[in-house]
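Working notes, structure below.
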Amino acid sequence: MSKNRIVLAYSGGLDTSVAIPYLGRMIDGDVIAVSLDLGQGGEDMESVRQRALDCGAAESIVVDAKDEFVRDYCLPAVKANGLYMKQYPLVSAVSRPLIVKHLVEAGKEHGATHVAHGCTGKGNDQVRFEAGFLATDPDLQIVAPARDYAWTRDKAIEFAEEIGLPIEQTAASPFSIDQNVWGRAVETGYLEDLWNAPTKDLYAYTEDPNLSAAPDEVVISFKDGVPVAIDGHEVTPLEAIEELNRRGGAQGVGRLDMVEDRLVGIKSREIYEAPGAMVLIRAHEALEDVTVERELARYKRLVDARWSEEVYDGLWFSPLKRALEAFIEDSQKNVTGDIRLTLHAGNITVTGRRSENSLYDFELATYDTGDAFDQSYSKGFVQLHSLSTKIANKRDREAN
């Protein structure tokens, strides 16, 4: 057995396939390839496992982590209404700590000395992976071929041809794509010119919103912030996301074209498709509107934004993120009820809300006969509410 053993986050693509023999040569060790099924669809995971072995991996491990991913990573994002910059549904960011977890577990099982990933030095994922490794197993030495050895796609293809790797070296997509059941992220290629509009070949999870069929009405039921039924039929959280991906995707829901602020300090243009994620977050927000008390709701919006930044920035294992999550979890005790939405032409429209925990009081809200709101209290309330502002403005007028 070689002295070194390297656990590699393996996607099955060109870069990580070439990394197997390359890392073996550079570090003089055996490579254990670890791949996770996160509901990304596409290629059969057994083919991915076999490709790693064909490329020289000493071990190739495939983990069916779909339920774990949804339960422990996507559901917290729903409860936190997780959107970075109020737009990005954290498609890649929530998956990285789970991949870290399984890489570390594989490392312990196989006595690994190193852990490796395929990220470049320009992206966020290098931080998400490595911050996770440093937090959970700092004894593992980290190596990133694309960054540490100035690895380029041209070099990868040349190396693959040199040693005769069994991969399709020339089938290079102009885009960098990451996908899982929570959504799909596309970047690079002609998208790097901000004036270039996305073309239809970019999309895989969603249909053209302009060609959508008749509106689709859906009722999502939540219990303590967790989706438990769709249209009255009980579902697991994974089933909820998969069904909403299908129905939302058919309506062109969840497409996003944004320029985001990367952690490394550059702005990057990203295309996202996340129909299920966006429908669930929109429904969850609507239910919180009627079940969460005003001051708690106001503060939770700040916490949600900060939680999203921590996750985006690769700090899933940070004390702050854990503390924010404890607050969020406590806020979900009454987020139970049903939200009715219409999905059509790329839009998500809330049309109905009901909950036994609702704070909406018809008799207080109505302007018709039966109004129980005592308006005589309001004059004094307004006077006291604005008193400090009134005094400060009086001082400033007199000073002039």
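Each residue takes its place number in the sequence, starting with 1.
Judged by the 6.0 Å and 45° rule, Arg353 forms no cation-pi pair with Tyr360.
Take Asn210 and apply the side-chain contact (heavy atoms from CB on, under 4.5 Å) test, not counting sequence neighbours, and it matches Asp208. Considering only residues two or more places apart in sequence or on other chains, Asp216 meets the salt bridge (Lys or Arg N to Asp or Glu O under 4.0 Å) condition with Arg247. Every residue meeting the ring pair (Phe, Tyr, Trp, His ring centres under 6.0 Å) condition with Tyr299, not counting sequence neighbours, appears here in chain and number order: Phe327. Taking Phe69 as the reference, nothing meets the ring pair (Phe, Tyr, Trp, His ring centres under 6.0 Å) condition, with sequence neighbours excluded. In this structure, the ring pair (Phe, Tyr, Trp, His ring centres under 6.0 Å) partners of Phe381, at least two apart in sequence or on a different chain, are His385. Legend: residues meeting salt bridge (Lys or Arg N to Asp or Glu O under 4.0 Å) with Arg282, ordered by chain and number and at least two apart, are absent. Thr349 is linked by a side chain to side chain donor-acceptor pair (under 3.5 Å) to nothing, counting only residues two or more places apart in sequence or in another chain. Listed by chain and number, the residues in a salt bridge (Lys or Arg N to Asp or Glu O under 4.0 Å) with Glu295 are Arg298 (sequence neighbours excluded). A search for salt bridge (Lys or Arg N to Asp or Glu O under 4.0 Å) contacts involving Glu398 returns Lys394, not counting sequence neighbours.
Pairs of residues two or more places apart, or lying in two chains, that qualify as salt bridge (charged side-chain N to carboxylate O under 4.0 Å, His left out) and include a residue from residues 71-92 are Lys79-Glu329. Residue pairs meeting the salt bridge (charged side-chain N to carboxylate O under 4.0 Å, His left out) criterion with at least one partner in residues 357-374, sequence neighbours excluded, do not occur; the list is empty. Sorted by first and then second residue, the salt bridge (charged side-chain N to carboxylate O under 4.0 Å, His left out) pairs involving residues 117-130 (not counting sequence neighbours) are Arg96-Asp125, Asp125-Arg128, Glu130-Arg147.
Between Val253 and Asn347, the closest heavy-atom pair is CG2-O, 3.6 Å.
If you check the side chains of Arg49 and Ser60, you find no donor sitting under 3.5 Å from an acceptor.
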